[in-house]
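Quick note: residue numbers are just sequence positions, from 1.
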Amino acid sequence: MGSVQPPDRQAVQEVDVAVIGCGPVGALTANLLGARGVRTLVVERSATAHGQPRAFSCDDEAMRIYQQAGLLDEIRDATIAPPLVEYVNGAGRVFARMALSETDFGYGHAPLRFFDQPRLEHTLRAGLDRFPHVQLSLGAELVGLTQDEDGVTVLLSDVATGQRRAVRARYVLGCDGARSATRAAVRIPLSGASYAEPWLAVSGDVPSDAVRVGDTRFVCDWRRPAFVSPGAAGSYRMEFMLRPGETEDEMRRPETVAALVSPYVDPDRFTVTRAVVYTFHHLIARRWREGRVFLLGDAAHQMPPFMGQGLCSGLRDAANLSWKLSLVLSGAADPAVLDTYEIERRPHTVEMARTSVRLGHVFLARNRVTAGMRDAVLRAVQTIPRVRRFVERFEFKPVPAYRRGLMAGGRRAGVVGTMFPQPRVLVPGAPGERLLDEVLGDGFAVLGRAGVDNPLGAWRPGLPARFVAVHPSGTPLADLPDPIAGPPAPGGPDRVDVVDADGVLGGWLRRHGADLVVLRPDRFVFALVSAGGIEQAGRDLSAALGAPDGGRSRADTPGLAAAADS
């Protein structure tokens with residue numbers, strides 16, 4: 001795309017951030033930015049909702065991100081959590097299973113949930129209506145982009161009329177999918193591989209009494225591997241690998257689809273909503289940033305579907321970048337902080353993709369002998385309790401952790417750089433138990449034992465933070481001070497007292513030898529702190545964020561320098 005020349009005599013709209021693409025990743029990104037007061041324009045090529053059930057699953061980390069966006073109830077109510085996932089051979093015999101109902105990674109949500117994408121997108125778009133400073137522009141596409149030291153000028157074209165208009169943004173986020181126009185505009189290539197095996201993905205609606213297989217299954221039949229599962233709101237999802245010589249037209253015929261789905265649902269009562277042939281990819285952009293333009297989701301990375309982590313990885317991108325952008329735009333952080341987006345997210349994404357590929361190798365044995373050996377080996381090793389737990393409890397999934405980035409010291413050390421757990425707590429004046437994130441606020445948080453004096457007295461001005469004082473399980477709520485209602489006051493700390501309902505928080509602090517823990521807005525651990533060390537932690541955080549006026553360079557910022565130079 002060439003340089004942008006704004007149309008004559010037309011005012012140029014100015015925003016803080018332009019989000020290109022309003023699929024789930026773009027819409028979630030805009031909600032997170034909107035919640036932080038960022039003036040945002042979301043640009044979507046389609047004039048109507050997508051309406052196609054493409055993505056199907058999300059995990060506990062994704063649900064926690066939806067929670068951060070203030071949309072947890074609406075999304076959770078429209079999803080289901082499968083109790084287990086089975087791996088069966090061609091004869092239907094189980095040779096491995098994941099007991100999801102018995103698995104809890106500690107982040108406050110079930111490890112796997114299925115959703116209906118059209119309903120999810122409707123919820124995310126409706127969430128944008130909460131923010132008068134967020135605008136959704138439908139039926140518009142990116143046709144040009146030019147950036148300079150102060151911002152990015154994007155040229156948009158109305159898909160129906162061809163009329164063009166210019167928008168000036170301080171930053172542009174490309175959330176426009178695998179065929180990203182944003183990525184093409186900044187000339188960032190992809191590297192990796194596309195897999196030759198095509199798949200038929202079939203989605204549809206079915207009454208509960210017409211379901212023949214009610215569990216989630218990977219059908220590891222060497223003749224035709226498949227995935228089948230009930231979904232949310234009476235839906236059912238099936239994917240079948242094509243055999244050599246089979247064509248897309250042949251596979252999409254109603255009679256072919258009916259024959260394939262009949263072992264799992266009654267084909268006469270199954271209403272197909274989508275049947276497409278696709279091939280999956282293992283691709284990643286060479287870089288995720290070009291100046292003031294960033295790539296998120298499928299625009300930055302694409303991975304095989306066997307872990308169900310494609311969409312989840314895009315949501316993690318949004319959660320990582322949105323709060324950093326907010327701080328930079330407000331002047332509370334140096335723009336060099338934005339370098340940590342790719343520094344943190346790329347290694348985890350690569351590891352997740354590689355795990356998906358390895359799982360695919362288990363799933364896709366393509367001859368009888370290899371499949372038989374796989375089944376026998378997996379059944380045998382699961383007689384070993386520790387191995388069985390590793391499989392059943394989904395422990396092969398990469399943990400949410402960053403090797404380097406915006407954390408004390410610039411690199412992971414123990415639990416520093418990992419996602420903090422989210423147990424349930426009790427709060428004075430609030431009925432019942434609440435998830436921890438509901439009381440942490442939107443900014444940085446310092447969590448510690450109630451006996452520690454409020455550590456935020458010398459907290460950096462202009463950086464919202466909250467002190468969460470944790471009281472032991474069994475502490476009467478009537479003994480605690482009334483909570484401070486509402487978000488932290490601009491530029492000042494606040495405090496909330498909670499009771500550790502199940503002892504998780506106190507146990508975590510004891511296990512890691514800390515009195516306090518400093519949490520980032522995305523709930524990753526920035527630092528572990530002793531009672532007398534909060535001032536040093538505050539200095540470390542100030543150094544990592546850079547000068548409030550944006551005057552520090554990366555070389556002047558110890559945490560970032562360590563992360564960038566290693």
Side-chain angles (χ1 to χ4, degrees), residues 13-46 49-50 58 62-76 78 119-138 140 142 151-152 154 156 167-176 182 292-297 299 311 314-333 337-338 341 437-438 440-444 463-464 466 486-490 520-523:
Q13 181 182 2
E14 294 188 1
V15 296
D16 293 323
V17 176
V19 176
I20 311 301
C22 196
V25 172
L28 185 275
T29 301
N31 273 280
L32 292 171
L33 291 171
R36 297 183 181 280
V38 176
R39 293 181 306 154
T40 304
L41 172 67
V42 192
V43 179
E44 169 55 45
R45 190 181 190 281
S46 176
H50 293 132
C58 65
M63 293 301 292
R64 193 173 186 181
I65 295 168
Y66 291 135
Q67 182 183 350
Q68 292 172 19
L71 297 171
L72 175 62
D73 290 342
E74 295 90 334
I75 291 175
R76 183 174 53 197
R119 186 170 178 179
L120 171 68
E121 291 196 16
H122 174 77
T123 299
L124 291 172
R125 292 190 183 191
L128 300 178
D129 294 337
R130 299 174 293 170
F131 312 115
H133 49 280
V134 176
Q135 176 187 348
L136 173 59
S137 180
L138 298 174
L142 174 71
V152 187
V154 295
L156 305 177
V167 174
R168 181 73 172 168
R170 293 179 65 182
Y171 293 95
V172 171
L173 309 185
C175 303
D176 45 350
T182 310
R292 291 175 173 268
V293 178
F294 294 82
L295 303 179
L296 296 81
L311 173 60
L315 301 181
R316 294 186 190 100
D317 295 344
N320 185 288
L321 184 57
S322 56
W323 67 270
K324 296 174 183 177
L325 271 173
S326 174
L327 290 181
V328 169
L329 288 164
S330 69
V337 163
L338 301 178
Y341 163 58
D437 287 3
E438 295 177 23
L440 288 180
D442 295 329
F444 285 88
L463 188 64
R466 173 170 288 176
R520 306 185 337 176
D522 58 0
R523 305 313 164 212

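- A distance of 5.5 Å separates CD of E44 from CZ of R125, quoted to the nearest 0.5 Å.
- Distance check, rounded to the nearest 0.5 Å: CG of D442 to CG of L32 gives 10.0 Å.
- By the 4.5 Å heavy-atom criterion applied to side chains, Y171 and V38 are not counted as neighbours.
- Of the possible polar contacts, one joining the N31 side chain to the L124 backbone as a donor-acceptor pair under 3.5 Å is found.
- Side-chain contact check for V337 versus L327: every heavy-atom pair is 4.5 Å or farther apart.
- The nearest pair of heavy atoms linking L71 to T123 is CD1-O, 4.4 Å.
- Side-chain contact between V25 and D317 is absent, with no heavy-atom pair separated by less than 4.5 Å.
- Side chains of V172 and L142 form no contact here, defined as non-hydrogen atoms less than 4.5 Å apart.
- Summarising the geometry, atom OH belonging to Y341 is positioned 10.5 Å from atom OG belonging to S322; distances are rounded to the nearest 0.5 Å.
- Note: Q13 CD to L156 CG = 8.5 Å, rounded to the nearest 0.5 Å.
- Shortest non-hydrogen contact noted between C22 and L136 is SG-CD1, 3.8 Å.
- When side chains are defined from C-beta on, T29 does not count as touching V17, because their heavy atoms never get closer than 4.5 Å.
- Not one N or O on the side chain of H133 forms a donor-acceptor pair closer than 3.5 Å with the backbone of T40.
- The CG atom of D16 lies 14.0 Å from the CZ atom of R36; values are rounded to the nearest 0.5 Å.
- Using a 4.5 Å heavy-atom cutoff, the side chains of L41 and V154 are not in contact.
- A donor-acceptor pair is defined here as one N or O able to donate and one able to accept, closer than 3.5 Å; no such pair exists between the side chain of R45 and the backbone of D176.
- The distance from the CZ atom of R520 to the NZ atom of K324 is 5.0 Å, given to the nearest 0.5 Å.
- Of the possible donor and acceptor atoms, one in the side chain of R292 sits under 3.5 Å from a partner among the backbone N and O of R170.
- Between V42 and G21 the shortest heavy-atom distance is CG1-O, 3.9 Å.
- The two atoms that bring M63 and C58 nearest to each other are SD-SG, 3.8 Å, heavy atoms only.
- Under the 4.5 Å side-chain criterion, counting only non-hydrogen atoms from C-beta, L440 is not in contact with R466.
- In terms of heavy atoms, Q68 sits closest to A319 at OE1-CB, 4.4 Å.
- Taking both residues in full, the closest heavy atoms of G34 and V134 are given as CA-CG2, 3.6 Å, listed atom of the first, atom of the second, then distance.
- Side-chain atoms of F131 and L33, non-hydrogen and from C-beta on, never get closer than 4.5 Å to each other.
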